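Here the structure comes first, spelled out in structure tokens, and everything after it is commentary.
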Amino acid sequence: MAIEIRATGSAVPSRRLTNVDLATEVDTDDEWIRSHTGIGSRHIADDNTGCSDLALDASRAVLTAALKQEDCREKTLEEIALTLDMIILATATADYYGCPSTACIIQHKLGARNAGAVDISAGCSGFIYGLEMAAGLLGLNTSRKRILVIGAEVLSRFIDWNDRGTCILFGDGAGAVLLEKTGNPSTGSGKRGILRTILKADGAGADYLIIKKGGSRNKFKAGEIIKTPPHIEMNGRAVYNFAVKAITGIITNLLKEESLTIDEVRWIVPHQANARIVSAAAKRLGIPEDKFFLNIEEYANTSSASIPIALDELNRNGKLSRGDLIMTVGFGAGLTYGGNLIIY
Ligand code: UT7
């Protein structure tokens, strides 16, 4: 039995905000942003678009891609949606605080009436966590076959545009994969699917990347006027230092635990947070930088959506073939970090 990625999909808002555009409103410039982060632009959702809307578009894209495959028995989007056993949404920017889960909203709009639905909160590592949780759910219960794993964010809604240390970094978007349990082997020759995952956390760094308002730390006060809306606060240096260590550790350990060399890996798909973090990790490990797939220049940091958007871009551009060994690696609020080794 193998847990395989059957198809990928993504959805990114059409409105593109370049560094040059941003510098007309914020005390920054294109040269600083590019040299410190590798970011050239970000895509921003319009005021009426919530996390579930982007997630729904990415979900429809992934199911449409699955329908095009030769061995797909379902003919329509409605039919394939009914085959889903679970929807797992990784997000830090849900439609609502606490409840209902955004995954339930997606489940309804997608017509996935046979699927359970749950949101997970693991910061920018959310998609990596989501894949492993889905693999566990598929493995535990023989009746489950298909799970949709989504990473979706509308981070622009939680940005303090006066804070140039954070507002330049983030963008909106969603990516998704359809995971399917197949009869292929997960070990030995001809093995396929998710081979190994590492999931880690270091809650001592919880304050380094945080949205403080809302939640049970805040007492409800009737009639209270909230002057400063919830927004991202970040200790950039601390997250940077943590990230380089986290990425290098995860890559080293995933390879070691599967007795693989880096040459056997076709792509490392890192969380797209900062191209400098990736360069530093590559240098420390002696890995060529072109082993890492980066699209941060176009989309900036879309948190839990960044890895599935990158996977979908690789796939759509014909840079990913069946049988390729790929590695995801990421870090984020929590602090969390981790990675998956997958034979595509
Ligand atoms: O998904 C996880 C999300 N978070 C991350 O990945 C964040 C990781 N951290 C980082 O990527 C980097 O720390 C940043 C890109 C956020 C900041 O880069 P840095 O090299 O750590 O800059 P810094 O905060 O140490 O600031 C250096 C200088 C300061 O000026 P002075 O005090 O040296 O005169 C800042 O005021 O750069 C200034 N600065 C800027 N200048 C122009 C900070 N932000 C900007 C800006 N434009 N946007």
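Because the structure is a prediction, the values reported are computed rather than measured. As the structure lists them, so they are numbered: ligands from 1, and atoms in each ligand from 1.
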>> Heavy atoms only: which of Trp32, Phe242, Phe331 lies closest to atom 28 (C) of ligand 1?
In response: Trp32

> Is Glu297 salt-bridged to Arg34, cutoff N-O under 4.0 Å?
Replying inline: yes

> What's the spacing between Leu169 CG and Ile232 CD1 if we round to 0.5 Å?
Replying inline: 8.5 Å

> Do ligand 1 and Cys124 have nitrogen or oxygen atoms that lie under 3.5 Å from each other?
Replying inline: no

>> Suppose I only count heavy atoms of Thr37 and a 4.0 Å limit; which atoms of ligand 1 are within that range?
In response: 15 (C)

> Does atom 23 (P) of ligand 1 have a protein non-hydrogen atom under 4.0 Å from it?
Replying inline: no

> Salt bridge or not for Glu79 and Arg73, using N-O below 4.0 Å?
Replying inline: no

> Short check: is a protein heavy atom less than 4.0 Å from atom 32 (O) of ligand 1?
Replying inline: no

> If you measure every N/O of Asn301 against every N/O of ligand 1, is any gap under 3.5 Å?
Replying inline: yes

>> On a heavy-atom basis, I'd like to know which of Met234, His271, His36 is closest to atom 7 (C) of ligand 1.
In response: Met234

> For atom 6 (O) of ligand 1, what's the nearest protein heavy atom and its distance?
Replying inline: Ala273 CB, 3.4 Å

> Between the side chains of Thr302 and Gln272, is a donor N or O closer than 3.5 angstrom to an acceptor N or O?
Replying inline: no

> For the hydrophobic clusters of this structure (ILVMFWY residues joined by side-chain heavy atoms under 4.5 Å, transitively), does one cluster hold both Met86 and Leu82?
Replying inline: no

> Do any non-hydrogen protein atoms sit less than 4.0 Å from atom 43 (C) of ligand 1?
Replying inline: yes

> So His43 and Tyr299, would you call those rings parallel, tilted or perpendicular, with 30° and 60° as cut-offs?
Replying inline: tilted

> What part of Asn274 sits under 4.0 Å from ligand 1 if we count only heavy atoms: the side chain, the backbone, both or neither?
Replying inline: side chain

> Do the side chains of Ile326 and Phe293 get nearer than 4.5 Å, heavy atoms only?
Replying inline: no

> Quick one: CZ on Arg322 to CD on Glu4, what's the gap to the nearest 0.5 Å?
Replying inline: 6.5 Å

>> Give me the nearest non-hydrogen protein atom to atom 47 (N) of ligand 1 as residue plus atom name, then the distance to 0.1 Å.
In response: Thr28 OG1, 2.6 Å

> Has Gly165 got any heavy atom lying under 4.0 angstrom from an atom of ligand 1?
Replying inline: yes

>> For atom 20 (O) of ligand 1, what's the nearest protein heavy-atom neighbour? Residue, atom name and distance, please.
In response: Arg237 NH2, 3.0 Å

>> Going by a strict under-4.0 Å cutoff (protein heavy atoms only), does atom 9 (N) of ligand 1 have a neighbour on the protein?
In response: yes

> How far is atom 5 (C) of ligand 1 from its nearest protein heavy atom, and which residue and atom name does that atom have?
Replying inline: Val239 CG1, 3.7 Å

> Going by the atom numbers of ligand 1, which of them fall below 4.0 Å from some non-hydrogen atom of Ile168?
Replying inline: 48 (N)

>> Suppose I only count heavy atoms of Arg276 and a 4.0 Å limit; which atoms of ligand 1 are within that range?
In response: 20 (O)

>> Under 4.0 Å, heavy-atom basis, I'd like to know which part of Thr166 is in contact with ligand 1: side chain, backbone, both or neither.
In response: neither

> So, for Ile147 and Ala134, which heavy atoms are closest and what is the spacing to 0.1 Å?
Replying inline: CD1-O, 3.6 Å

> According to a 4.5 Å side-chain heavy-atom criterion applied to Ile, Leu, Val, Met, Phe, Trp and Tyr, with indirect links allowed, do Leu314 and Ile342 form part of one hydrophobic cluster?
Replying inline: yes

>> Please determine whether side chain to side chain contact (heavy atoms under 4.5 Å, CB included) holds for the pair Val278 and Ile268, giving the CA-CA distance in whole Å, both sets of side-chain angles, and the decisive distance to 0.1 Å.
In response: CA-CA 10 Å; Val278 171; Ile268 299 175; over 6 Å; no

> Heavy atom under 4.0 Å from ligand 1: found in Tyr240's side chain, backbone, both, or neither?
Replying inline: both

> Tell me, which protein residue and heavy-atom name are nearest atom 38 (C) of ligand 1, and how many Å apart are they?
Replying inline: Arg164 NH2, 3.7 Å

>> Can you confirm whether Arg113 is buried at CZ, in the sense that more than 12 heavy atoms of other residues, nucleotides or ligands lie under 6.0 Å from that atom?
In response: no

